[in-house]
Amino acid sequence: MRAGVTALLLWTVAAAYALDADLEAFRRAAARGDVGTVTGRAYAERRTPDGAEQPLVGTVVTLLPRSAELVARLETIKARARDSQRDFLGSATAIRRARERYELALWEAGFPELARATLVDGTGAFAFRDLPAGEWMLIASRSVFVNKGAPRPSPRELEVYTRRLRLIGYDEVSVWLRELTVSRGRSEDVELVDRSVWFTGVVEERVLGAGP
């Protein structure tokens, strides 16, 4: 299982990005003042008619120039997650690393200002202002830790059994993927709702323990 997850991550990280977006066009748009805004909220829908929407605090929202190559790569990772348990366990990390690799490529190409990121506020709201007009992609993610409550091994168990990695819990990761068009003087509004996530995966947390 570990070998399969490792292969998926290496495939995601090692592949070079061609930066298929016209990055200079974004810079020219900014110089002309052709800029717009993206605003939105991340929230859980009300569960009862008289209930309240709950902000999804902790959601990280990233805006990047739209890359057909990156979108295709993310879609491939999502599709492969259904192939096996090992692919599923590696998919959330693979998606994160694919995004990070694209951000790094933007920095290395000299366009760090085109990699925008923010954390939603206490109401779940976020905003990106002065965005150059053009095609963008929004990738948002939120992790919630689920504790499995693995008991701490006793001194006797540590003496008798071989130390091995034991599952203590996992992060349940929600990912939203949206493609947006930013226009001069316009504001695009985005709603990131718990029931309309693009992908849900897990990242296991393990520690050295002891057991038979």
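Between the CD atom of Glu179 and the CE atom of Met137 there is a distance of 6.5 Å, given to the nearest 0.5 Å. In this structure, Asp20 CG and Ser67 OG are separated by 3.5 Å, a value rounded to the nearest 0.5 Å. Rounded to the nearest 0.5 Å, atoms CZ (Arg66) and CG (Asp22) are 13.5 Å apart. Here CZ of Arg80 is found 12.0 Å from OG of Ser91. Values are rounded to the nearest 0.5 Å.
Looking at every heavy atom in both residues, Pro55 comes nearest to Gly122 through CG-O, 3.4 Å. Between Val182 and Thr37, the shortest heavy-atom distance links the atoms CG1-N, 4.4 Å. Of all heavy-atom pairs spanning Thr200 and Ser174, the tightest one is OG1-OG, 4.4 Å. The heavy-atom pair separating Ala42 from Thr59 by the smallest distance is CB-OG1, 3.9 Å. Nearest heavy atom pair, residue Arg178 against residue Ser196, reads NH2-OG, 4.1 Å. Nearest heavy atom pair, residue Ala140 against residue Leu192, reads CB-CD1, 3.6 Å.
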May I have the step-by-step check of salt bridge (charged side-chain N to carboxylate O under 4.0 Å, His left out) for Asp130 and Arg116, ending in yes or no? CA-CA 11 Å; Asp130 297 323; Arg116 308 283 187 96; over 6 Å; no
Evaluate the side-chain contact (heavy atoms from CB on, under 4.5 Å) criterion for residues Arg73 and Val71: first the C-alpha distance (whole Å), next the side-chain angles of each, then the deciding distance (0.1 Å), finally the verdict. CA-CA 5 Å; Arg73 186 163 300 169; Val71 171; over 6 Å; no
Apply side-chain contact (heavy atoms from CB on, under 4.5 Å) to Leu131 and Trp136, showing your working. CA-CA 9 Å; Leu131 290 169; Trp136 292 80; 4.0 Å; yes
Steps toward side chain to side chain donor-acceptor pair (under 3.5 Å) verdict (Tyr102, Glu69): CA-CA 10 Å; Tyr102 183 66; Glu69 181 181 345; over 6 Å; no
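Two residues are said to be in side-chain contact when any heavy atoms from C-beta on lie closer than 4.5 Å; Thr93 and Arg96 meet this criterion. Annotation: side chain of Trp198 is in contact with side chain of Ile95 (closest heavy-atom distance under 4.5 Å). Contact of the Ile139 side chain with the Leu74 side chain is registered, since non-hydrogen atoms from C-beta on lie closer than 4.5 Å. Inter-residue side-chain proximity for Thr39 and Glu188 is flagged as unmet; no heavy-atom pair is nearer than 4.5 Å. The shortest side-chain heavy-atom distance between Glu172 and Phe145 does not fall under the 4.5 Å cut-off. Side chains of Ile168 and Lys148 form no contact here, defined as non-hydrogen atoms less than 4.5 Å apart. Put simply, the side chain of Leu138 does not reach to within 4.5 Å of the side chain of Thr62, judged on heavy atoms. Two residues are said to be in side-chain contact when any heavy atoms from C-beta on lie closer than 4.5 Å; Phe128 and Thr118 meet this criterion.
Grouping the Ile, Leu, Val, Met, Phe, Trp and Tyr side chains by contacts below 4.5 angstrom, directly or via other members, places Val173 apart from Val60. Residues Leu63 and Val197 share a hydrophobic cluster, clusters being chains of Ile/Leu/Val/Met/Phe/Trp/Tyr side chains in contact below 4.5 Å. Note on Val57 and Val144: separate hydrophobic clusters, where clusters join Ile, Leu, Val, Met, Phe, Trp and Tyr whose side-chain heavy atoms are under 4.5 Å apart, directly or indirectly. At a threshold of 4.5 Å between side-chain heavy atoms, the hydrophobic network of Ile, Leu, Val, Met, Phe, Trp and Tyr places Leu177 and Val190 in one connected group. Linking Ile, Leu, Val, Met, Phe, Trp and Tyr residues whenever their side-chain heavy atoms come within less than 4.5 Å leaves Val120 and Tyr43 in two separate clusters.
Checked by atom type and distance alone, the side chain of Ser183 never pairs as donor or acceptor with a backbone atom of Arg186 at under 3.5 Å. No donor-acceptor distance shorter than 3.5 angstrom exists from the side chain of Asp121 to the backbone of Phe126, with no hydrogens or angles considered.
A salt bridge links Arg41 with Glu53: at least one charged nitrogen is closer than 4.0 Å to a carboxylate oxygen.
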Indicate every side-chain donor-acceptor pair of residues 103-114 with a distance under 3.5 Å to a residue at least two apart or in another chain.
| from | atom 1 | to | atom 2 | distance (Å) |
| --- | --- | --- | --- | --- |
| Glu103 | OE2 | Arg99 | NH1 | 2.8 |
| Glu113 | OE1 | Arg27 | NH2 | 3.3 |
| Glu113 | OE2 | Arg27 | NE | 3.0 |
| Glu113 | OE2 | Arg27 | NH2 | 2.8 |

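Ring centroids of Phe199 and Trp176 are separated by 6.0 Å or more, keeping the two rings apart.
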